[in-house]
Amino acid sequence: MRKVMGIIFQRWDHELQIFTMNRGISTIPFGGRYRLIDFALSNLVNSNIRSIGVLGGAKYGSLIDHLGTGQEWSLHRKSQDLAILPALENYSIEPGVYFDLRELLPSKLFIENQTTIQMIIFQPSNQINNLDFKPMMDEHFNSMNDVTIVAGNGRSDEFIGSPNENRRKWRNREILAVLVRRTLISQALQRMNQGGSYDLLNLIRRNQEHLRVKMLIYDGYYREISDVSGYYEANLDLLEAPVRKELFEGPRMIYTKSKDNHPTQYDNASIVNNAWIASGCQISGIIQNSIISRESMIGSGSVIKNSILMQRAHIGNDVYLEHVILDKAVTIRDRTVLKGSKDKPIVISKGSVI
Amino acid sequence: MRKVMGIIFQRWDHELQIFTMNRGISTIPFGGRYRLIDFALSNLVNSNIRSIGVLGGAKYGSLIDHLGTGQEWSLHRKSQDLAILPALENYSIEPGVYFDLRELLPSKLFIENQTTIQMIIFQPSNQINNLDFKPMMDEHFNSMNDVTIVAGNGRSDEFIGSPNENRRKWRNREILAVLVRRTLISQALQRMNQGGSYDLLNLIRRNQEHLRVKMLIYDGYYREISDVSGYYEANLDLLEAPVRKELFEGPRMIYTKSKDNHPTQYDNASIVNNAWIASGCQISGIIQNSIISRESMIGSGSVIKNSILMQRAHIGNDVYLEHVILDKAVTIRDRTVLKGSKDKPIVISKGSVI
Amino acid sequence: MKKKCVGMLLAGGQGSRLGILTKKVAKPAVLFGGKYRLIDFSLSNCYHSNIDTVGVLTQYQPLELNSYISTGSAWSLDNVSGGVTILPPYQSRYGASWYRGTADAIYQNLSYLQSYDPEHVLIISGDHIYKMDYSEMLNTHIKNHADLTIGGLIVEPEEASRFGIMSTDQENRILEFEEKPENPKGNLASMGIYIFRWPVLKRLLKEDGVKEESQHDFGKNVIPAVLAQQLNVFAYPFMGYWRDVGTIQSFYDAQMELLLQNPPLNLFDKEFRIYSNHESLPPHYISTEASVTDSLISDGCSIFGEVKHSILSGSVVVEEGAIIEDSILLKNVKIGKNARVNHAILDEGVVIAADEQVGSAEQAILLLGKEESDA
Amino acid sequence: MKKKCVGMLLAGGQGSRLGILTKKVAKPAVLFGGKYRLIDFSLSNCYHSNIDTVGVLTQYQPLELNSYISTGSAWSLDNVSGGVTILPPYQSRYGASWYRGTADAIYQNLSYLQSYDPEHVLIISGDHIYKMDYSEMLNTHIKNHADLTIGGLIVEPEEASRFGIMSTDQENRILEFEEKPENPKGNLASMGIYIFRWPVLKRLLKEDGVKEESQHDFGKNVIPAVLAQQLNVFAYPFMGYWRDVGTIQSFYDAQMELLLQNPPLNLFDKEFRIYSNHESLPPHYISTEASVTDSLISDGCSIFGEVKHSILSGSVVVEEGAIIEDSILLKNVKIGKNARVNHAILDEGVVIAADEQVGSAEQAILLLGKEESDA
C-alpha cells in the first residue's frame with residue numbers, strides 16, 4: 001500500500017484581516033455552513049488519505065473547535081488520523097510564500113517519525129475546490145516523480161523546462177497542491193538549520209535539475225481566497241448551477257462540523273430568489289442573489305441583495321442590505337440601510353451591532 | 001439547576017522547562033500513563049461539571065492530541081462541553097501569579113456569552129489531587145459566597161480575617177481551586193482594559209471587604225508540581241498505598257487518553273519490587289521503587305532503581321539507572337550507568353539516545 | 001457502576017397505523033418536521049434531564065434505528081460509564097424469546113438494569129412529540145417517597161377513552177387507573193411515562209413474568225397490579241406540549257402545527273434543543289423562478305418551483321413549474337416539472353413525474369410510498 | 001452509498017464448549033490474553049484491511065458485545081458512511097424469525113447489504129485468533145474473477161476431519177469440498193472466511209432460504225451448492241498464525257503461547273496492532289514482597305504475592321503469600337492471602353479465600369466461575 005500524508009498550510013491573511021482577528025484563515029466561514037479548510041480536508045479524506053496534519057497557527061481556537069478529532073470527516077482518534085500541528089512561536093506568515101516549511105519545524109518529529117509515509121500532499125487552507133487526488137497520486141507514483149505540482153488552469157501556459165524560464169509562469173499560476181516525496185521534506189527540514197530555504201516552491205525550483213518534477217493542470221472549478229473581493233465572488237459563485245454541481249453534487253462530499261438546526265422556516269411574506277440558504281434560519285423578508293448562513297433571522301420588510309451573511313445574522317425589520325458581507329453574529333437594527341458595491345462590498349465584523 | 005463552568009489554567013513552568021520544550025505544563029506525563037491535566041479535568045467531570053475551558057497556551061500540540069474532544073472524560077462534542085482556549089499571543093506566564101486573567105482575554109466572549117453560568121471553578125493544571133467539588137459547591141451556594149477558596153492544609157493556619165493580615169498566609173498556601181461568581185470574572189475582564197489587575201487572587205484580596213470570601217481547607221492528598229524534585233517526589237508518592245488508594249481506588253476515577261497496549265510482559269528473569277508499571281511494557285530486568293510508563297522495554301541484566309520512566313523508554317541490557325527521570329522515547333544503550341541523587345535526579349530529555 | 005436513575009426507552013413498536021411509513025423502519029425512526037426522527041424527542045429529553053444511561057428496547061425493523069442511535073453521541077449520551085445501549089431480543093442458555101409486551105421487554109433485560117443497580121428506573125417510549133425535563137418528575141417522585149410515579153396529561157373528555165385514565169386525590173396520589181375506559185371517570189391520561197423505584201419494578205416484573213394470563217403490558221397488567229398492592233403511586237401532571245402521532249392524520253397535523261406563526265412546539269429554542277443525528281448536506285438552493293412561503297425547507301433541497309405551506313426533508317428536488325401545497329415530502333423526493341402535489345405525504349425517495357397530479361385538498365391525506373425495489 | 005467490499009461478521013455463536021465463560025456473554029466477547037476480547041482480532045483485521053463497513057450479526061447474549069462494539073470507534077471503524085452496524089434478529093411485517101444458521105443470518109440482512117450495493121461481501125466470524133489482511137485475499141479474488149474465494153489453512157492430517165476440507169488444483173481452484181470428512185482427502189481446511197461476489201451471494205442465499213431441508217449453514221449447505229453450480233471458486237491459502245479457541249484446552253493453550261520467548265502471535269507489533277475497547281484503569285502495582293515472572297499483567301492489578309507463568313486481566317488482586325501458577329485470571333479476580341491457584345482459569349469476579357487451594361498441575365485445567373448473583 002502507498003502511504004500518503006496530507007498537510008494543510010496556513011496562508012498569508014493580511015488582505016482578509018477583517019475576518020481573521022480571532023481566527024486563522026483556514027476557519028473563515030464560507031458558503032452558508034462551511035469553513036475554508038473543509039474543502040482541502042475533504043479532498044484528502046475523499047482520496048482515502050488518512051494521515052493528515054493541519055497547521056494550527058496562533059489563533060487556533062476556532063480550528064480546534066471546528067475539527068475536533070475529525071469525526072465528521074471520518075477521521076479517527078484511535079488510529080491518530082488527524083493532528084493539529086502547533087505554530088512556531090513568534091512567527092508570522094509571509095505574503096509571497098505558498099508553503100512555508102518553517103511552519104513545520106515544531107512538528108519535525110511528527111513528520112520524520114512517520115517513516116512508512118512515502119509521499120506528502122501539501123495544500124493551502126484557503127482554496128475552494130473539489131479535487132480527487134487519486135489519479136494524481138497514480139500519476140505521481142507511476143511516473144516515479146519526486147514532485148508533482150497541481151496548478152490552476154488560470155493564467156499561463158503549461159509548465160515546461162528549466163527553472164529560470166518558468167519562474168514567471170510559476171508566479172502567475174495558482175498552486176492547488178504539491179505532491180512531494182517525504183524524504184525530500186525531511187532533508188529540507190534538516191537543512192533549514194543551516195540556513196536552507198524555507199519556501200517549498202522555491203526549493204523545488206532551485207533543485208529542479210536534480211528532481212523529477214511534473215506539473216498537472218487542473219481543469220475544474222477552483223478559487224483561491226486571499227482578499228475580500230475574492231471571498232465575495234467565490235461565495236456568489238455558489239449561485240451558479242455548474243459550480244454547485246461540481247462542488248457539492250458529485251461523488252465526493254464536502255464535510256463539515258454538524259450543527260443541530262431546525263430546517264429553515266419561511267413565512268407567508270418571504271420572497272426568495274436565487275439564494276443559497278443554510279438550516280436554522282427564520283426568513284420573513286426579501287432575499288435576492290445572496291448566501292445566508294445557519295441560524296440567521298431576516299425580519300419582515302427587509303431586503304437582502306447580493307450579500308453574504310455568515311452564521312447567526314440577526315436582521316431586524318425593514319432593513320436594506322446590498323453588496324454587504326456580515327461576519328458571524330452581526331445584528332442589524334430595524335430600518336438600517338447598507339449599500340456597498342460589487343467591487344467593494346461593505347464588511348461588518350464579527351459580533352457588531354449596527 | 002446550578003450551572004457551573006470549570007477553567008483550567010496554565011502555570012509558570014520555568015523550573016520544569018526540561019519537560020516543556022515542546023509541550024505545555026499541563027501535558028507533562030505523570031504516573032505511568034497520565035498527564036498532569038488529567039487530575040484537574042477528572043475532578044471537574046467527577047463533580048458533574050460539563051462546561052469546561054482549558055487554556056491551551058502556545059505549545060498546544062500535545063494538549064489537543066491528548067484531550068481530543070474530551071470523549072475519554074465523557075465530555076461531548078455535540079453539547080460543546082469542552083473548549084480549548086487559545087493563548088494570548090506573545091505573552092508568557094508570570095511566576096507569582098496563580099490565575100492570570102490575561103490568559104482569558106482571547107476567550108472573553110466564550111465566558112461572557114455563557115450567561116446561564118452562575119459560577120466558575122478555577123484550577124491550576126499542575127496539581128495532583130482527587131477533589132470532589134460537589135460539597136464545595138453546595139457550601140459555596142448555600143453560604144451565598146462570592147468566592148470560595150480551596151487551599152491545601154500544608155503550611156499555615158486557617159484563613160480568618162482581613163486581607164492584610166492574611167497576605168502572608170495566602171502566599172504560604174497552595175491554592176487547589178477557586179470558586180467565583182461568574183459576573184465577578186466578567187467585570188474583572190472588562191476592567192482589565194482600564195489597567196485593572198489580572199491576578200485573580202490579588203483581585204480577591206483587594207476587594208475582600210466587599211465580597212463574601214470563604215476559605216476551605218482540603219485535608220486529602222495533593223501535590224503541586226512546579227519543579228523537577230517536586231515532580232520526582234510526586235511520582236514516587238504513588239508507591240505509597242494510601243496515596244494510590246486516594247487517587248485511584250475511590251469512587252472518582254482519573255480519566256486519561258486511552259492507548260491500545262498489550263498487558264505488560266515479564267520474562268523469567270524479571271525481578272520487580274515496589275513498582276508502578278503501566279501496560280505495553282516488556283520487562284526483563286530488575287526494577288525497584290520506580291514508575292514505568294507505557295510501552296517501555298527493559299533489557300536483561302538492567303537495574304532501574306528509584307527512577308521515573310516516561311512512555312517508550314527503551315533500556316538496553318546491563319544498564320544501571322538510579323535516581324533518574326527519562327522523558328518520553330529515551331533510548332539508553334547497553335551497559336550505560338546513570339546515577340543521580342534523591343535530591344537531584346538526573347533528567348534525560350525527550351527523544352534522547354544515551 | 002451504581003446510578004441514580006436509568007432510562008428504558010421502548011422503541012420496538014411497529015406503528016402499523018402509519019402504513020408504509022413503518023414498512024421498513026420502526027415507528028420511532030419515522031421522519032418528523034423535516035429532519036427529526038420521532039425518537040429524537042425522547043433522547044433529547046434524556047439529555048436535558050441528565051439521564052445519562054438509557055437502554056433502548058428494539059424489536060421491529062431495528063436496522064435504521066440502531067445505526068441512527070449508534071452510540072448516542074448525537075444526543076451527548078455517550079459516556080465512559082453508561083450511555084445508550086440497544087437492547088434487542090436475544091437468545092440465552094435458557095432459550096430465545098421475543099418481547100411479549102412492554103413489561104416483558106424490560107423483564108428480559110433486568111440484568112442490564114442490575115448492572116447499574118439504579119435507585120429508580122424511568123420508562124418512556126420513543127414515539128411521542130414533546131419536550132420534558134424528567135428530572136423534575138424524578139424529584140417529585142423522590143419527594144413523595146413514591147414506588148411509582150406516572151406522567152399524566154389533561155386530555156379532552158371525548159378523547160379520554162383512548163388513554164389510560166387516572167383518578168387522583170389532592171396530593172396527586174392515584175386512587176384508580178383504568179386502561180381505555182368506555183366511560184372515563186376523569187380526563188387525566190397516562191402518558192406512558194413511568195418512574196419506578198428499582199426494587200419495586202424488579203419484584204413486579206418477576207411476578208408478572210410468570211403469570212400465564214398476562215399480556216405483559218404496563219398499562220394493561222403491571223399498573224393495575226401495582227394499584228392492587230396498595231403501593232405508593234402518584235401522578236405527575238405535565239402541562240406542556242405533547243402529541244401522539246400514531247395515525248396518519250395526527251402525524252400530519254402535528255407537523256402542520258410547526259408552520260403556525262407561533263408554533264406550540266418551539267424547535268428554535270436554544271436552551272432545550274432537540275438533537276438529531278443527521279447526514280451532512282449542503283444548504284438548499286432557491287432559484288430565481290421559485291417561490292417559497294409558509295414552509296420548512298431542509299438542507300440539500302433544490303427548489304425551482306412553488307412551495308406553499310409544506311415541509312421538505314433533506315435533498316428534495318422541486319423542478320420548474322411544479323407546485324407543492326399543504327404537503328410533507330420526506331428525504332430524496334423528486335417532483336418533476338409542472339407536477340402538482342397537494343395534501344399529501346410522500347415517503348422517502350418517491351418520484352413524481354413531470355405534469356403528474358398527486359393528492360387533492362378535498363380528499364383525505366394521500367400517503368404515497370416508493371415502489372418496492374429489489375432487496 | 002456504493003462500497004467495494006462490505007464485511008459481515010458472524011458473532012451469534014454461543015460457544016457452549018467454553019462452559020461458564022459463555023454463560024452470560026457470547027463467544028466473541030470472551031476475554032483473551034489479559035485484555036482482548038475474541039472479536040478484537042476480526043475487527044482489527046477489518047481496520048487493517050480497509051474494510052470500513054462491517055455488519056455484526058448477533059443473537060446469543062448480545063448485551064456485552066453490543067456495548068463493547070458500540071460504534072466501532074475503538075477499531076477506527078466509525079465512519080460517516082458505513083462503520084460497524086449491529087444486526088440482531090428482528091421482527092418485520094412478515095413476522096419474526098431467529099437466525100436459523102450462518103447463511104440465514106445473512107439472508108435476513110440482505111437489505112443491509114443492498115443499501116451499500118457492494119461489489120463483494122467478506123464473511124468472517126468473531127471467534128478466531130489471527131492477524132490477516134483481507135485486502136490481499138480480496139485482490140486475489142478479483143484477479144481470479146472468482147465468484148467465491150475461501151480462506152484456507154494447512155492443518156495437521158489428524159486434525160483434518162474437524163474442518164471443511166478443500167481439494168484444489170494448481171491455481172487454487174477448488175475442485176471438491178467436504179465438511180468434516182471422516183476420511184479427509186487433503187489437509188487444506190476452510191477457515192470460515194469467504195469472499196463472495198455480491199450478486200452471486202444474493203442469489204445463493206435466496207435459493208438456500210427457501211430450501212426446507214437446508215440447515216442454512218455456509219459450510220454444510222451453501223458451499224456445496226456453489227460447487228454443484230460450477231461457479232468460479234478458489235481457495236486463498238493463509239500462512240500465518242491462526243487458532244480456533246472453541247474448547248477450554250485450546251483457549252488455554254493459545255493464551256499460554258503468548259508467554260513464550262518469541263510468541264507466534266506478536267501483540268507488540270505496532271504496524272498491525274490489535275485494537276480493543278477497554279476501560280480506563282491505572283497502572284498495576286507490584287509490591288516489595290511480590291514476585292512476577294513469565295507473565296502478562298494488565299492495568300489495575302495489585303500484586304503482593306507470587307505470579308508465575310500466568311495471565312492476569314484488569315484489576316486482579318493477588319494478596320501476600322498467594323501463589324498463582326500456569327493460570328489465567330480474568331477481570332476483577334481476587335486471590336486471598338496464602339491461597340494457591342494452579343493450572344486454572346478463573347472467570348470474571350471470582351474470589352478465592354485466604355489459604356484456599358484451587359487447581360492442580362496434575363489435573364485437567366480447572367474452570368471456575370462466580371457464584372450466580374441475583375439478577
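Distance OG1/C/T58 to CD/D/Q91: 10.5 Å, rounded to 0.5 Å. Between D/L63 atom CG and C/Q108 atom CD the span is 12.5 Å, to the nearest 0.5 Å.
Interface summary for chain D: among C/P62, C/A26, C/S280, the most heavy-atom pairs under 4.5 angstrom belong to C/P62.
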Side chain to side chain contact (heavy atoms under 4.5 Å, CB included) assessment of C/Q61 paired with D/Y90: CA-CA 6 Å; C/Q61 291 284 21; D/Y90 59 91; 3.5 Å; yes
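Interface residue C/T22: backbone and side-chain heavy atoms are both found under 4.5 Å from chain D.
Using a 4.5 Å heavy-atom cutoff, the side chains of D/I86 and C/P88 are not in contact.
In this structure, C/W98 and D/W98 approach most closely via the heavy-atom pair NE1-NE1, 2.8 Å.
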